[in-house]
Amino acid sequence: MKTLNMIATCTATLITLASAQVNAQMDQQVETALQDICQAAKSDNVIRMNKTIKSYRLDHQTVALNVVCNRQDIISFAYDNGASKTADRLQRSVGETQITDLAMLK
């Protein structure tokens, strides 16, 4: 009986995982938001990019760290497309990161 329950549980889990993978397509609204943000970054118009980011209720740091356009992070994507103003704005939102080796301080 325990073996039958174990087989049923494993089968149900596999079916659930298979159906989740089929439904893993990107939501249409998320896809549209990402396309709009990438196009705004490519436009080299900081005002347009700010309005687009705000219209989706995001902040610049979240966009700079998480959005990928054409398999590049959004900052590199903007620089590669000649949009230095928008790329610089996104770069400023990330800020500077410093790494301190605590072992060396002792």
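Note: hydrogens, waters and symmetry copies are ignored here, and every other heavy atom, side chains too, is used. One is the number of the first residue; the rest follow in order along the sequence.
In this structure, Gln61 has no side-chain hydrogen bond (donor to acceptor under 3.5 Å, both in side chains) partners at least two apart in sequence or on a different chain.
Distance OG/Ser84 to CZ/Arg89: 14.5 Å, rounded to 0.5 Å. Separating the NZ atom in Lys51 from the NZ atom in Lys54 is a distance of 10.0 Å, to the nearest 0.5 Å. We find the CD1-CE distance between Ile53 and Met49 to be 4.5 Å, quoted to the nearest 0.5 Å. Summarising the geometry, atom CD belonging to Gln39 is positioned 11.5 Å from atom CG belonging to Asn81; distances are rounded to the nearest 0.5 Å. Rounded to the nearest 0.5 Å, atoms CG (Asn50) and NE2 (His60) are 3.5 Å apart.
A side-chain hydrogen bond (donor to acceptor under 3.5 Å, both in side chains) with Tyr79 holds for exactly one of Asp73, Asp88, Thr86; it is Asp88.
Under a cut-off of 6.0 angstrom, the local environment of CG in Leu65 is crowded, with over 12 non-hydrogen atoms contributed by other residues, nucleotides or ligands.
Considering all non-hydrogen atoms of both residues, Ile75 and Ala64 come closest at CD1-CB, 4.1 Å. Nearest heavy-atom pair across Ile37 and Ile74 is CG2-CD1, 3.7 Å. Counting all heavy atoms, side chain and backbone alike, Lys42 lies closest to Ala83 at O-CB, 3.6 Å.
Remark: the backbone N or O of Gln72 is not paired with any side-chain donor or acceptor of Ser76 at under 3.5 angstrom. Between the side chain of Asn45 and the backbone N or O of Ile47 there is at least one donor-acceptor pair closer than 3.5 Å. With Thr62 contributing its side chain and Leu58 its backbone, the two residues share no donor-acceptor pair below 3.5 Å.
Looking at heavy atoms from C-beta onward, Tyr56 lies out of side-chain contact with Leu34 at the 4.5 angstrom threshold.
Tracing side-chain contacts under 4.5 Å through hydrophobic residues (I, L, V, M, F, W, Y), one never reaches Val68 starting from Val30; they form parts of separate clusters.
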